[in-house]
Amino acid sequence: MDTSPPPEAHRIPGPAAAYYIPNFVSIDEEAYLLRKIQETPHTKWRQLANRRLQTWGKLARSFKFYVREAFRRHHGGYGNDRVGVTLRPEPFGSSLSALRFLPNSKTQVALEIPRLLRDASGTGQPEPTYSATPGKFASPSVPQLIYPIHIGLVRGHGSVQALVAPVHIRHFCHEHFFTCGHLLYAKQVQLSLFIVEWTWCRPDLLTRLESTGAFVDSPHKRPNHIILNEYLPGQGIMPHEDGPSYHPVVATLSLGSHAVFHYYQYKPDAHALEDIDATEQSPSPTAAATGGAGRAINPTPVLSVLLEPRSLVITTSALYTGGLHGIDGVQTDIFAAPSLSSWGEEGDKTPESNGWVGVLIANAHMLAGEREREVVLRGGTLKRGARYSLTCRDVGRVSGLGPRSVLGWSR
Ligand SMILES: O=C(O)CCC(=O)C(=O)O
Ligand SMILES: [Fe+2]
């Protein structure tokens with residue numbers, strides 16, 4: 001895809017590179033995404049003290065789980081084999097064709113799977129050699145989107161262990177496959193990518209995110225990891241860092257309601273206690289996990305942006321790696337008048353020194369909503385509703401694992 005860095009028109013005036021794109025998804029698309037989120041089974045959510053979340057992508061564990069899910073759904077149970085699922089070929093073959101994430105009946109891989117499974121069923125037939133031909137998987141008739149099936153097969157003890165994972169078609173070419181005894185696997189472990197299908201179906205958010213250019217320097221050129229957070233009115237997320245394992249670009253899509261997103265810096269005195277208690281955190285994004293524990297945080301944000309519903313904010317570089325971010329847990333956001341942004345002008349840039357008390361919204365002039373603009377520029381309040389955010393990242397290294405890790409062997 002021909003991408004260049006996000007256009008300057010979207011750049012938020014401030015101390016470091018951040019971009020704001022209002023109406024990144026349409027009202028209809030937002031309604032669709034919210035409906036899909038509401039339909040998510042309760043068990044997929046992880047409840048934290050002040051919000052709940054789901055994580056999609058990256059983890060090999062995810063697709064192992066998915067196989068189990070698929071099998072359980074269709075056959076009422078699954079084996080307890082810690083390697084993954086030990087399945088009989090036939091039932092698994094039939095459950096595969098019923099999997100919701102098959103893109104459509106035209107995909108050749110979907111047609112191919114039962115045959116592979118049948119051949120591998122251990123019925124005394126000659127050992128099959130598995131290979132993939134270039135045309136088979138890189139068919140020009142298949143859209144260059146995410147191609148969601150990969151099958152790895154291991155034969156042993158008269159059964160087939162199989163795993164299914166969504167992969168990106170660009171990594172799904174014949175040169176990434178090779179045979180190794182009884183084992184077929186992909187050299188590229190991008191196949192551990194596991195992002196629920198509705199983020200790349202309608203709308204195709206991943207391709208749209210790629211086309212912003214924000215991920216042009218990231219390892220996979222597009223996000224492969226998404227955290228879905230739900231915040232009810234009054235809920236927020238304490239200032240935190242997201243951790244070192246991500247490429248330092250984060251794109252956050254807001255749905256359902258607005259939020260005021262603050263970026264913070266540590267105080268220069270690195271040994272003082274934290275001013276802000278950052279204990280309520282999700283497992284991955286914690287100050288403690290990233291070496292930030294014990295450092296004092298300057299409670300005055302270096303940058304605050306209003307995230308309208310349907311908007312995308314892209315955070316890069318120093319804002320991301322050197323600082324923290326958070327959202328206050330309030331029912332209503334209060335904007336003092338006037339809250340004109342002074343970023344980008346010469347002179348003192350702190351709100352206090354301008355005799356102004358309140359939140360300085362750096363993207364005031366970029367807001368699309370009339371009401372939001374009015375309130376931010378003239379003062380007023382915005383009541384929070386339920387907000388859903390998709391925090392999209394490219395996690396650097398998901399490749400380089402051997403077949404044992406591909407198949408979830410972790411003895
Ligand atoms: O909900 C948001 O916009 C922020 C979420 C976040 O910072 C995180 O999940 O690490
Ligand atoms: Fe975060």
Side-chain angles (χ1 to χ4, degrees), residues 1-30 32-34 36 56-58 143-146 166 168-171 190 193 195-229 242 246-256 258-259 261 263 303 305-321 325 343 361-369 372 387-396 398:
M1 180 178 298
D2 183 24
T3 48
S4 44
E8 282 303 296
H10 292 303
R11 184 164 171 152
I12 302 172
Y19 299 86
Y20 181 75
I21 306 177
N23 294 322
F24 186 73
V25 294
S26 69
I27 289 177
D28 281 355
E29 289 167 341
E30 179 189 39
Y32 172 79
L33 291 168
L34 287 171
K36 297 307 282 185
W56 310 322
K58 196 211 162 199
Q144 296 291 301
L145 298 176
I146 287 194
H168 197 286
I169 192 165
R170 285 187 311 196
H171 305 300
Q190 272 93 352
L193 178 68
I195 292 180
V196 291
E197 76 270 28
W198 46 266
T199 58
W200 50 261
C201 278
R202 191 196 121 193
D204 178 4
L205 283 183
L206 296 184
T207 300
R208 205 177 291 182
L209 286 166
E210 185 178 354
S211 68
T212 63
F215 293 90
V216 74
D217 294 324
S218 82
H220 308 105
K221 311 293 177 209
R222 54 160 54 195
N224 64 0
H225 185 273
I226 299 180
I227 298 174
L228 162 64
N229 277 296
D242 278 357
Y246 302 109
H247 180 76
V249 173
V250 181
T252 303
L253 178 66
S254 295
L255 302 169
H258 77 279
F261 202 87
Y263 297 92
L303 185 73
V305 292
L306 177 64
L307 306 182
E308 296 168 286
R310 299 181 296 286
S311 73
L312 187 78
V313 66
I314 299 166
T315 309
T316 65
S317 68
L319 271 183
Y320 182 84
T321 48
H325 54 272
W343 293 115
I361 297 297
N363 62 332
H365 60 294
M366 306 168 100
L367 299 172
E372 282 85 351
R387 171 175 176 265
Y388 296 84
S389 64
L390 301 185
T391 301
C392 309
R393 307 181 175 95
D394 185 355
V395 301
V398 290

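We use all heavy atoms of the structure for the numbers below, so side chains are in, but hydrogens, waters and symmetry mates are not. Numbers for residues simply follow the sequence, beginning at 1.
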J.: Once you round to the nearest 0.5 Å, how far does CD of Glu210 lie from SG of Cys392?
T.: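 Those atoms lie 13.0 Å apart.
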J.: Tell me, do Tyr20 and Leu307 make a side-chain contact under 4.5 Å, heavy atoms counted?
T.: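 Tyr20 reaches Leu307 side chain to side chain.
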J.: Please report the shortest heavy-atom distance between Ala362 and Val305, naming the atom on each side.
T.: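 Taking Ala362 first and Val305 second, the nearest heavy atoms are CB-CG1, 4.5 Å.
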J.: How close do Glu308 and Ser254 get, heavy atom to heavy atom, and via which atoms?
T.: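 Result for this residue pair: O-CB, 3.6 Å.
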J.: Give the intermediate values and the outcome of side-chain contact (heavy atoms from CB on, under 4.5 Å) for residues Leu306 and Glu372.
T.: CA-CA 9 Å; Leu306 177 64; Glu372 282 85 351; 3.9 Å; yes
J.: Any heavy-atom pair between the side chains of Pro309 and His258 that's under 4.5 Å?
T.: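 A side-chain contact exists here, since the closest heavy-atom pair is under 4.5 Å.
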J.: Between Leu255 and Val25, is any pair of side-chain heavy atoms under 4.5 Å apart?
T.: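 Touching, per the 4.5 Å side-chain cut-off.
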J.: In this structure, which one of Leu312, Val313, Ile314, Thr212 forms a side chain to side chain contact (heavy atoms under 4.5 Å, CB included) with Tyr19?
T.: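 It is Ile314, the one option of Leu312, Val313, Ile314, Thr212 that forms the side chain to side chain contact (heavy atoms under 4.5 Å, CB included) with Tyr19.
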J.: Would you name the heavy atoms of Tyr263 and His325 that are closest together and state the gap between them?
T.: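 Answer, listing the atom of Tyr263 first, then His325: CD2-CB, 4.0 Å.
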J.: How many angstroms lie between CG in Asn363 and NE2 in His10, if you round to the nearest 0.5 Å?
T.: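 NE2 of His10 is found 12.5 Å from CG of Asn363.
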J.: Counting only N and O atoms by type, is there a donor-acceptor contact under 3.5 Å from the side chain of Ser389 to the main-chain atoms of Thr252?
T.: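 Flag not set: sc Ser389 to bb Thr252 has no pair under 3.5 Å.
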J.: Applying side-chain contact (heavy atoms from CB on, under 4.5 Å), run through Arg222 and Leu209 and close with a yes or a no.
T.: CA-CA 7 Å; Arg222 54 160 54 195; Leu209 286 166; over 6 Å; no
J.: Please report the shortest heavy-atom distance between Pro223 and Leu206, naming the atom on each side.
T.: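 Residues Pro223 and Leu206, closest heavy atoms: O-CD2, 4.1 Å.
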J.: Do Arg387 and Asn229 have side chains that get closer than 4.5 Å, going by heavy atoms?
T.: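 Contact flag for Arg387/Asn229 side chains = no.
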J.: CZ/Arg208 to CG/Leu253 distance, rounded to the nearest 0.5 angstrom?
T.: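 Taking CZ in Arg208 and CG in Leu253, the distance rounds to 9.0 Å.
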J.: Kindly indicate whether the side chain of Leu33, heavy atoms from C-beta on, has any atom under 4.5 Å from the side chain of Tyr388.
T.: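 No, their side chains stay 4.5 Å or more apart.
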J.: Looking at CG of Asn23 and CD of Glu29, how far apart are the two atoms once the value is rounded to the nearest 0.5 Å?
T.: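 Reported value, rounded in 0.5 Å steps: 10.5 Å.
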J.: A side-chain contact here means heavy atoms from C-beta on lying under 4.5 Å apart; do His365 and Pro13 qualify?
T.: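 Yes - at least one pair of side-chain heavy atoms lies under 4.5 Å apart.
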